[in-house]
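This chain uses plain numbering: 1 for the first residue, then up along the sequence.
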Amino acid sequence: MAAKSQYEELARQLSAIGAVKRGLARILPVECPPGSAAVITLLARHGEMRLSRLAELMAIDISVTSRHVAHVAERGWIVRSPDPGDKRSRILRLTTEGEAVLDELSLRTTEVLAHTLEDWSDDEVGQLNTMLARLRDSFGDCRSWTPAQHDCGALAP
């Protein structure tokens, strides 16, 4: 197990990641804020799904997810169709227009990262990808933790 000072430094570094996220958010088109980008990205990655599943993947409240979904639906980037198994629910699907927006977002993000990390080797970028994926997997779903185990609120920057 790492020393306490290493975990303290990790906490500082993770808080500083907010600046990286804000920098990446600045490159998004005005009509596509980060929440909307997350919706179309997750639908592209995981395929059609219910709102409840999307909220779970986004790790945010379903009411917040619903606002993001409404935003992208109004722009024609997704469609909401009745769920054949439960007519009260809707299935969210990415549209061709949504795929085009996602392609543009991916291009912008890739260009910024390539420019910003141009002095990094391919191996270093690969190591970062591996370690971030491992951190995300190790962290799991914070919403399922009990206060006795962890305080998710204490992790917020």
Side-chain angles (χ1 to χ4, degrees), residues 7 10-117 125 128-157:
Y7 290 119
L10 178 58
R12 283 190 288 277
Q13 293 299 328
L14 289 174
S15 291
I17 291 292
V20 173
K21 289 176 68 176
R22 286 186 298 279
L24 289 173
R26 282 193 280 281
I27 67 165
L28 298 176
V30 173
E31 68 276 7
C32 189
S36 297
V39 168
I40 61 176
T41 299
L42 288 169
L43 285 172
R45 184 177 300 138
H46 297 280
E48 63 184 45
M49 67 185 75
R50 288 183 178 183
L51 180 68
S52 58
R53 174 68 177 142
L54 182 61
E56 183 180 293
L57 289 170
M58 293 179 74
I60 58 176
D61 187 76
I62 199 161
S63 65
V64 177
T65 306
S66 182
R67 287 192 294 274
H68 294 313
V69 165
H71 181 86
V72 296
E74 288 167 4
R75 281 148 186 78
W77 301 340
I78 67 165
V79 293
R80 296 177 277 194
S81 306
D83 183 343
D86 180 356
K87 300 296 184 198
R88 299 168 297 167
S89 296
R90 298 281 178 256
I91 298 292
L92 309 175
R93 292 181 183 87
L94 194 61
T95 64
T96 303
E97 294 86 357
E99 290 172 359
V101 170
L102 186 58
D103 288 345
E104 174 65 22
L105 298 178
S106 179
L107 178 66
R108 288 180 184 210
T109 303
T110 300
E111 286 177 352
V112 165
L113 289 171
H115 175 74
T116 304
L117 304 178
V125 174
L128 178 62
N129 286 332
T130 299
M131 296 306 290
L132 287 173
R134 183 175 174 193
L135 175 65
R136 189 180 61 244
D137 290 345
S138 293
F139 212 76
D141 183 0
C142 182
R143 295 171 308 151
S144 67
W145 296 348
T146 64
Q149 293 172 312
H150 301 282
D151 182 4
C152 291
L155 297 177

Distance from [X] atom [atom1] to [Y] atom [atom2], nearest 0.5 Å?
| X | Y | atom1 | atom2 | value |
| --- | --- | --- | --- | --- |
| K21 | I17 | NZ | CD1 | 9.0 Å |
| M49 | L94 | CE | CG | 10.0 Å |
| I78 | E99 | CD1 | CD | 13.0 Å |
| R45 | I40 | CZ | CD1 | 11.5 Å |
| E74 | S36 | CD | OG | 9.5 Å |
| L51 | R53 | CG | CZ | 12.5 Å |

Under 3.5 Å: donor-acceptor pair, side chain of [X], backbone of [Y]:
| X | Y | result |
| --- | --- | --- |
| T116 | V112 | yes |
| T95 | W77 | yes |
| S106 | L102 | no |
| R22 | G18 | yes |

For this session: Could you tell me whether R50 and D83 make a salt bridge, using a distance below 4.0 angstrom between a side-chain N and a carboxylate O?
Result: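 Yes, charged N to carboxylate O under 4.0 Å.
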
Is any side-chain heavy atom of [Y] closer than 4.5 Å to one of [X]?
| X | Y | answer |
| --- | --- | --- |
| H71 | C32 | no |
| L105 | P29 | yes |
| R75 | E31 | yes |
| R108 | L24 | no |
| P34 | L28 | yes |

For this session: Taking all heavy atoms of A38 and all of M58, pick out the closest pair and write down the distance.
Result: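 So the two residues come closest at CB-CE, 3.8 Å.
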
For this session: Of all the heavy-atom pairs spanning R80 and A73, show the shortest one and how long it is.
Result: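 What the structure gives for the nearest pair is NH2-CB, 3.5 Å.
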
Exercise. T65 pairs by side chain to side chain contact (heavy atoms under 4.5 Å, CB included) with which of L92, L42, L57, I60?
Worked result: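 It is I60, the one option of L92, L42, L57, I60 that forms the side chain to side chain contact (heavy atoms under 4.5 Å, CB included) with T65.
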
Exercise. Do the side-chain N and O atoms of S81 and R93 include a donor-acceptor pair separated by under 3.5 angstrom?
Worked result: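 Judged by distance alone, the side chains do pair up.
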
Exercise. So with a 6.0 Å cut-off around CZ of R134, is the heavy-atom count from everything else above 12?
Worked result: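 It does not: R134 CZ has 12 such atoms or fewer within range.
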
